[in-house]
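Please read the structure below before turning to the comments.
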Amino acid sequence: MALNPQQLAAVKHTDTPLLVLAGAGSGKTGVITEKIAYLIEKKQYQPRSIVAVTFTNKAAQEMKSRLSKKLGKDVVRQLSVSTFHRLGLNILRESPEPAGLRKGFTILDQSDAISILKELIREQNCPLEERTAQHMISTWKSAFLTPEQALAAADSDQATSGALLFRDYEQWLRSCNSVDFDDLINLPVQILKTDPQVREQWQGRVRHLLVDEYQDTNVAQYSLMQLLMDKFGALTVVGDDDQSIYSWRGARPDGLITLKDDYPNLRVIKLEQNYRSSQRILRAANAVISHNPHLFEKKLWSDLAIGDELCISVCRHGLDEADWVAGQILMRQYQKKCNFSDFTILYRSNFQSRHFEKALREKNIPYQITGGSSFFDKAEVKDMLAYLKLLVNPDDDTAFIRVVNTPRREIGPNTMMKLGEYARSRSTSLFSASHEMGLETVLSGKPLARVQSFVSWLTLQGDNAERGDAMAVVQGVFDDIHYRDWLETTADTPKQAEKMLASMDELLEWIGRMMVDEDQKDRSLAEIVNRLSLHDMLSRQDDDKPLNAVNLLTLHAAKGLEFPHVYMVGMEEEMLPHKNSIEDEDIEEERRLCYVGMTRARYSLTLTRCRSRQRYGESSLSEPSRFLADLPPEDVVTIGDVGENNEERDRQAGTDALASLREMLSRA
DNA sequence: GCTGCATGCGTTTTT
DNA sequence: CGCATGCAGC
């Protein structure tokens with residue numbers, strides 16, 4: 001890759017802290033990649049002494065894939081390129097004891113945390129909503145507050161209730177040998193602060209730390225970063241305040257400024273040349289973001305071609321929008337003889353993908369959805385994951401409760417209540433409580449026998465899992481409980497049964513693929529369960545042979561990526577900007593989100609909006625997004641905006657699609 | 001203890 | 001509209 005002077009300076013600045021203020025499309029990922037290569041090849045750094053951190057799995061994968069091309073897979077394997085959470089997990093996994101954890105600890109995802117809170121809220125008769133409580137607790141944890149401190153600082157009834165929940169929640173986690181996502185950052189920070197041995201070990205190892213999308217760092221992640229590079233480490237952080245879109249997760253765009261206070265010798269390099277987007281796209285994006293205040297003055301420019309006008313398509317309703325976009329993609333794919341993977345549909349919220357999936361399926365267009373955890377939300381997937389978690393960590397009460405009676409083992413709420421109370425009185429997990437002789441004081445007869453039979457089965461399977469051939473154990477477990485039969489009987493239509501079985505097979509397939517790691521060695525079941533918990537899977541297909549499919553993803557997930565042709569859909573008030581942001585009068589972040597979306601596009605950018613939209617089944621009118629009004633009129637063509645009908649637009653699209661169809665048939 | 005139906009509820013974004 | 005939870009009936 002040819003580097004411009006600023007990029008080159010950023011690559012060669014290796015010994016002291018460096019902040020790269022990198023505008024969208026200014027080649028920042030390239031700089032990180034080149035810099036890692038430079039450190040290894042020119043500066044003789046050991047690959048394992050370089051740690052690169054990203055915020056999403058997708059970004060980490062992307063970076064690894066680019067490094068592989070540059071340095072080869074053997075080198076990349078030794079590098080540490082991961083999300084902050086994965087890095088924290090690695091620290092915890094090497095030294096769980098100082099954090100009060102044991103080997104095989106469980107990672108709870110958000111929905112696990114919610115169900116624990118739901119249970120605690122019921123127990124405590126607490127007036128809070130689970131989601132509110134979770135957000136409170138997460139905020140406290142990210143600020144390193146203990147439940148006691150939170151309670152002491154509580155200045156309202158709500159905060160007091162929350163702090164009491166927090167106390168029990170933490171107790172629950174510890175007694176289940178479990179951590180939540182916040183703990184994956186917080187506990188490593190605590191360990192590094194308090195355990196000299198672990199600190200020495202990590203600080204001795206890290207010689208250069210690179211943080212991508214630095215503007216998304218929160219206080220806890222920043223602490224982790226500081227601790228890791230405290231001794232010998234040099235630091236490269238790359239960020240853009242205009243692309244800060246995670247403030248809801250505690251990210252502080254002003255972290256770009258406070259960095260100067262913590263590192264007085266910080267060098268700042270700006271990257272202002274955009275190598276990605278056409279002039280028009282860049283101009284339009286700049287026009288949108290110019291309404292925001294800026295921390296740093298920077299003017300992004302490009303010497304690429306002027307490019308086509310941006311297209312705004314006005315549709316009647318959601319189905320029409322999806323249909324039109326799918327039709328356009330089909331048409332343009334044939335006209336331009338390009339790949340389906342050159343097209344990307346971006347939206348604010350995951351649920352918006354539905355209509356587009358349907359429209360693409362109907363037209364037989366291959367597509368690929370990134371993120372949108374719907375797969376992991378499915379009951380059958382959660383159940384299976386709970387079984388696997390239990391094999392690795394039988395003290396995981398959340399998983400225990402989930403599957404103890406799935407499939408039916410005739411262990412009902414009554415039995416579980418008694419078992420739960422007993423376990424709590426002995427401050428132990430449900431699993432180990434089931435082994436205690438004293439349990440016979442609260443349970444007897446058939447209920448007792450059923451519980452004991454379940455835990456001894458679990459013990460047996462867990463022992464098998466530890467001994468190896470994890471795949472055989474996984475298969476064995478689901479065969480043993482006749483999980484396929486259970487899914488079939490529990491589904492209310494044959495069609496649904498089919499879907500559930502398909503999910504089951506998909507998960508098994510994933511697990512099979514994850515069984516073997518990059519070194520062709522067997523991964524432990526624990527490692528696989530961790531990865532599944534972090535939704536960190538290997539990419540479905542080889543890097544060498546990318547899937548030729550239209551990309552569907554949220555604006556958040558698109559950050560850091562680029563695509564030839566982009567469709568930003570649902571450009572309406574209450575969608576983008578989102579309803580809640582309008583209510584909270586916090587539009588700036590939504591504007592940045594819009595900016596991020598627009599700057600993903602290389603050659604063409606199409607924005608769509610609907611006149612009306614089905615919300616909760618009701619149809620209601622939609623207003624155009626305020627961001628559309630900021631686009632320079634000379635760079636935009638609007639279609640379908642004539643009165644109440646789109647006949648002209650559809651006629652045009654229809655004839656074009658027909659021409660494409662003819663061509664397709666003539667080739668066949 | 002389980003199944004079926006009705007009602008009521010809700011949708012940001014990610015690890 | 002689609003899902004989850006809750007209640008009534010078996």
Side-chain angles (χ1 to χ4, degrees), chain A residues 53-60 82-89 107-115 118 122 129-131 134-135 138 141-142 179-186 213 216-218 220-221 244-251 318-319 346-355 370-374 376-379 405-416 446-447 450 489-490 492 496 530-536 553-560 570 574-584 586 589-590 592-594 596-597 613-620:
Chain A
V53 190
T54 63
F55 280 82
T56 61
N57 292 313
K58 177 120 183 131
S82 67
T83 61
F84 261 112
H85 289 85
R86 179 72 221 192
L87 178 62
L89 172 61
I107 301 165
L108 300 172
D109 67 18
Q110 203 166 13
S111 75
D112 296 325
I114 294 265
S115 43
K118 206 177 264 180
R122 208 180 49 79
E129 216 185 330
E130 305 92 75
R131 283 181 46 127
Q134 215 237 325
H135 189 248
S138 180
K141 288 178 85 153
S142 297
V179 297
D180 64 16
F181 284 143
D182 296 317
D183 289 329
L184 287 176
I185 312 293
N186 288 334
E213 310 284 8
D216 294 331
T217 318
N218 65 26
Q221 288 161 336
S244 164
I245 54 175
Y246 283 94
S247 69
W248 49 276
R249 224 168 66 177
L319 289 169
L346 299 179
Y347 36 81
R348 171 72 234 257
S349 308
N350 281 305
F351 77 93
Q352 291 175 265
S353 70
R354 263 166 164 245
H355 287 154
T370 304
S373 50
S374 55
F376 289 96
D377 289 341
K378 292 176 181 170
N405 207 28
T406 309
R408 293 274 113 81
R409 289 188 184 87
E410 296 179 289
I411 302 172
N414 250 325
T415 307
M416 285 307 288
K446 276 187 179 171
R450 287 167 186 149
T489 55
T490 193
D492 27 50
Q496 187 178 18
N530 281 340
R531 280 171 181 262
L532 289 170
S533 303
L534 292 176
H535 298 187
D536 176 18
L553 61 172
T554 62
L555 292 166
H556 283 89
K559 190 154 61 105
E574 305 202 344
M575 304 217 78
L576 182 69
H578 191 271
K579 191 167 193 263
N580 297 356
S581 307
I582 297 173
E583 277 163 16
D584 302 345
D586 183 16
E589 182 144 313
E590 299 291 304
R592 290 192 290 266
L593 211 40
C594 182
V596 165
R613 200 172 273 281
Q614 298 276 116
R615 292 176 161 83
Y616 309 127
E618 292 279 291
S619 178
S620 68

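To find a chain, count down the sequence lines: A is the first, B the second, and so on, and within it residues start at 1.
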Under 4.0 Å, heavy atoms only, any strand: does [X] hit a base, just the sugar-phosphate, or nothing?
X	answer
A/Arg592	nothing
A/Lys58	nothing
A/Glu618	nothing

Candidates [options] - which lies nearest the side chain of [X]:
X	options	result
A/Phe181	B/dT15, B/dG1, B/dT14	B/dT15
A/Arg408	B/dT12, B/dT15, B/dC2	B/dC2
A/Asn580	B/dT14, C/dG2, B/dT12	B/dT12
A/Asn350	B/dT15, B/dT14, B/dT12	B/dT14

Exercise for the section: Check whether any side-chain heavy atom of A/Tyr246 lies under 4.5 Å from a side-chain heavy atom of A/Thr217, and answer yes or no. Expected result: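 A/Tyr246 vs A/Thr217: side chains apart.
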Problem - Aromatic ring of A/His556 stacked on base six-ring of B/dT13, 5.5 Å, 30° - result: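 The ring of A/His556 is not stacked on B/dT13.
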Handout entry: A/Tyr246 aromatic ring stacked with six-membered ring of B/dT13, 5.5 Å and 30°
Key =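 Stacking is absent between B/dT13 and A/Tyr246, given that the ring centres and planes do not meet under 5.5 Å and under 30°.
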Handout entry: Distance-only side-chain donor-acceptor flag, A/Asp182 / A/Ser138, under 3.5 Å
Key =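 A/Asp182 vs A/Ser138: donor-acceptor pair found between side chains.
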Handout entry: Atom-to-atom span, NE2 of A/His578 to C1' of B/dG10 - whole angstrom
Key =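 Interatomic distance, NE2 of A/His578 to C1' of B/dG10: 12 Å.
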